[in-house]
Number of protein chains: 2
Amino acid sequence: MAKLDFGPIADTTRRAEIVALLRRAILTGQLEPGQKLNELRISEQMRVSRAPLREAMRELVQEGILTSIPYAGTFVIEVTAKDIIDAYSLNQVLDEFAIERTWPLRDQRFFDELDRRHEAVKQATRAKDTTRQIETALQLHGLIYEWADNSVLLETWQRLTSRLQMYFALHQRARNEPVPAEDVHETYVALLKGSDMRAAQRHAREHIDLDFEELLSYARGLEKRASKN
Amino acid sequence: MAKLDFGPIADTTRRAEIVALLRRAILTGQLEPGQKLNELRISEQMRVSRAPLREAMRELVQEGILTSIPYAGTFVIEVTAKDIIDAYSLNQVLDEFAIERTWPLRDQRFFDELDRRHEAVKQATRAKDTTRQIETALQLHGLIYEWADNSVLLETWQRLTSRLQMYFALHQRARNEPVPAEDVHETYVALLKGSDMRAAQRHAREHIDLDFEELLSYARGLEKRASKN
DNA sequence: GACAAGCAGATTGTCGACAATCTAACAAGA
DNA sequence: TCTTGTTAGATTGTCGACAATCTGCTTGTC
């Protein structure tokens, strides 16, 4: 018997598809922070009744990218500078932990997958597809979490990723300029292939990809704009 | 004008109450791991239609204590030894981080609240109310997360707490014997009041309250029982 | 007896309609 | 003018019924 892994069949509930659609719209910034989601309007656009739509929205609320106020509505979360700082600082700690756990488990398959994802980032960069660039960069970054063999850690990372992706997308949209052409992941990948775990951890802690500094300055801009209202 | 803080009004949707009811039932072990939740039966018992019940269940799925398989049902998550180990090891890392962030923010109000929660644990212990003892112990433990001034960290902790509470409740149920009478939190509280942050972190990392060792041995028992099927 | 097809019951997924609540505009009174 | 009460419209929360899907049993065939 060949050990062929078929994997699970796709979820074919409307709910699951709605979740995917909404999530994508939020994470790419098509739905802006603070924006209200009108159930009737969306359900008509999607040709779906409100029941599965509402269930989908509950999931995204719990996922942390929507927020719900009873009898008032469901809204895309607002993004403050503090949120970004908080998410980033937690991400640093988790990175360190993920690298520590992944380290002894690295094997050829890990290195191959690392290269594959790195290549995907470079390709998206060449194609100037900013949305895809963010996606692939986060997937590259997520490999250490998938490899760390800790399901709770992975879940936590995935929740965090949603927000990070949203933050970066907003940032890109705001500055509205082409993404950096040079490859900022070269060092990261090289360190993960190397033999100095501490160095890899230090790098993760100090220099996150996708220039975090810029993201922060964007966040501070948001803060100022918000305080004026 | 007296600066009286009224705080937000209680959510009075059926959905929110159902969430609370179900969560409590799961975390106290009244609903056992792996058990299926029959929508019709539960909605009749609660005198509620299936719509809000289903929405509540979606929330708990996303919260990580239920799992859903399309057209098959929604089930209480199974608990494996690995889950417990994973949750615990992540908890160690988060504790360290939370202590680091809380440390410079400690003030009189912090110490007062620390004592208050510690007292609550002792009281539950004296009353031999095991469920409440677990709850209060986790609340005591959660103070450093509430104080760390990092919303993402707090959310992560709350998710983790759900599972930890469930694990401990299962453990207590399984061994079915009175809880330890002596106070295991004395050292923890003292260290948090002291001036040696490293020592507090080390304590959190090495000796978690509510004897984790026992919990693990229980988890290993689960593993063995499961492998027999 | 083994096995596939098909049927019946139970359960989940989805729908359309109704009830409860909120918001904003307007009117009445101090 | 400011406050308070009222009302209409829109939106969310909930309900009961129907459709889609799964499960286990029965039946028929070899």
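Below, chains carry the letters A, B, ... as their sequence lines are ordered, and counting in each starts from 1. The structure displayed is predicted, hence computed values, not measured ones.
- Shown here are the salt bridge (Lys or Arg N to Asp or Glu O under 4.0 Å) partners of A:E100, two or more places apart in sequence or in another chain: there are none.
- Within a 6.0 Å sphere centred on CD of A:Q123, other residues, nucleotides and ligands contribute 12 heavy atoms or fewer.
- Summarising the geometry, the separation between CD on A:E44 and C1' on C:dC15 is reported as 14 Å, rounded to the nearest angstrom.
- Contact check, B:S49 against D:dC15: a side-chain N or O comes under 4.0 Å of OP1 or OP2.
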- Reading nucleotides 5-13 of chain D from 5' to 3' and marking B where a protein heavy atom lies under 4.0 Å of the base, S where only the sugar-phosphate is that close, and - otherwise, the string is ------SBB
- Would B:R132 and B:E135 count as a salt bridge (charged side-chain N to carboxylate O under 4.0 Å, His left out) if you check the C-alpha gap in whole Å, the side-chain angles of each, and the deciding distance to 0.1 Å? CA-CA 5 Å; B:R132 178 129 191 79; B:E135 261 180 33; 3.3 Å; yes
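- For residues 65-79 of chain B, no residue pair satisfies the side-chain hydrogen bond (donor to acceptor under 3.5 Å, both in side chains) rule, not counting sequence neighbours.
- With A:L22 as reference, A:L53 is the one residue of A:L53, A:I65, A:V76 to meet the side-chain contact (heavy atoms from CB on, under 4.5 Å) rule.
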